[in-house]
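Following: one structure in structure tokens, then a few remarks.
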Amino acid sequence: MFIIKFIDNLFFKDSNLRAEGREGTTTNVFLRQGQLDRACGIYGLLMLLIIHKRINGNDLTDEIAHDDPQYIKRLKKLFLNPLKGIKSDGTTMSYLRGMLLRIFDDQINVSVFKKLDTGEDNLLHFRIRNHLDAGYPVLIAYRKPDAFGHVVLVIGYTMLGDIMRLYCLDPSGSAPWFNYWNNMIDIKISDDEEDWPDFNHWTGKKVKVDKILIIEDDKCMELFSPFNDTALPF
């Protein structure tokens, strides 16, 4: 028997995955790649902002209104009007972090962490689990043997021995309609020198999860910041 842990702000309504967005309104969560541009990172980032109650789904499509918050106006100008801020050939986590800081005028606590290729592992899987336990999603980037990368939003996990199975919203797939997720990524948390130790269930291929982006809201910062080994549940 295993238990799946999901983040707090998700529910189904009218067969659509919903969340409580900004100002307490109910909003759709899932964005499929191709609706706005070709870069997967921006879709994951926008879903992250929706679940963090910073934006609503319709903020992405409505014209700029006079009473929109300034950060909504910045978001639309940078990303959506007319997609000037988006790199259609892909994005990096550092680029996405920089865009968030710009949109929110540096008034947002957003961090990027990466798995070290050499030396001591910086416990990336601990950071993922701790953030999900605090009730917040995690944006992860992984590499594939063909050298192309991808970005998905993690909204839950379960432990299977030395495997942490991540339940993800993958913008390249179809919208979930009976599960919260539409893809699963297995992270191998034991010491392993394999080049591709992790596994993507949707493609059936090995990958390597090596970067994450998180927004540290008050609840998470209170529980897990500053990050240290004594806060870990393992």
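It should be emphasised that the depicted structure is a prediction, and the values quoted were computed from it without experimental measurement.
The minimum heavy-atom distance between Arg22 and Ile72, with the atom names listed, is NE-CD1, 3.9 Å. When all heavy atoms of Ile128 and Val138 are compared, the closest pair comes out as O-CG2, 4.0 Å. Minimum heavy-atom separation, Ile185 to Cys168: CG1-SG, 3.8 Å. Between Ala19 and Val29 the shortest heavy-atom distance is CB-CG2, 3.5 Å. In this structure, Met93 and Ile140 approach most closely via the heavy-atom pair CE-C, 3.5 Å. Between Leu153 and Pro137, the shortest heavy-atom contact is CD1-CB, 3.8 Å.
Distance alone, capped at 3.5 Å, is enough to place a donor-acceptor pair between the Thr27 side chain and the Gly57 backbone. Distance alone, capped at 3.5 Å, is enough to place a donor-acceptor pair between the Asn9 side chain and the Glu20 backbone. Of the possible donor and acceptor atoms, none in the side chain of Asn200 sits under 3.5 Å from a partner among the backbone N and O of Lys205. Between the side chain of Asp198 and the backbone N or O of Val209 there is at least one donor-acceptor pair closer than 3.5 Å. For Arg54 (side chain) and Leu49 (main-chain N/O), no donor-acceptor pair under 3.5 Å exists by modelled atom type. The closest donor-acceptor contact from the side chain of His52 to the backbone of Glu216 lies at 3.5 Å or more, if one exists at all. Between the side chain of Asp59 and the main chain of Asn56, a donor-acceptor pair closer than 3.5 Å is present. Between the side chain of Arg32 and the backbone N or O of Ala175 there is no donor-acceptor pair closer than 3.5 Å.
Counting only heavy atoms from C-beta outward, the side chains of Leu166 and Met184 never approach each other to under 4.5 Å. The closest side-chain heavy-atom distance from Asp195 to Lys208 is not below 4.5 Å. A heavy-atom distance below 4.5 Å is not found between the side chains of Lys114 and Leu124. The side-chain heavy atoms of Ile51 and Ile155, taken from C-beta on, include a pair separated by under 4.5 Å. Taking 4.5 Å as the limit, every side-chain heavy atom of Leu96 sits out of range of all side-chain heavy atoms of Leu100. Looking at Phe199 and Lys188, their side chains never come closer than 4.5 Å, going by heavy atoms from C-beta outward. Counting heavy atoms from C-beta outward, Cys40 and Val151 have side chains that approach closer than 4.5 Å. Within the 4.5 Å cutoff, the side chain of His150 has heavy atoms near those of the Tyr142 side chain.
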Give the C-alpha distance, both sets of side-chain angles, the deciding distance and a yes or no for side-chain contact (heavy atoms from CB on, under 4.5 Å) between Lys211 and Thr92.
CA-CA 9 Å; Lys211 293 184 182 68; Thr92 66; over 6 Å; no
Is there a side-chain contact (heavy atoms from CB on, under 4.5 Å) between Leu169 and Tyr43? Walk through the geometry before answering.
CA-CA 10 Å; Leu169 292 176; Tyr43 294 92; over 6 Å; no
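Remark: Lys206 NZ is loosely packed, at most 12 non-hydrogen atoms of other residues, nucleotides or ligands lying under 6.0 Å away. For Lys5, the NZ atom is densely surrounded, since the number of other residues' heavy atoms within 6.0 Å is greater than 12.
The ring-ring contact (aromatic ring centres under 6.0 Å, His included) test with Trp181 is passed by exactly one of Tyr167, Phe30, Trp202, Tyr157: Tyr167. No option in Tyr136, Tyr180, Phe11 other than Tyr180 meets the ring-ring contact (aromatic ring centres under 6.0 Å, His included) test with Phe6.
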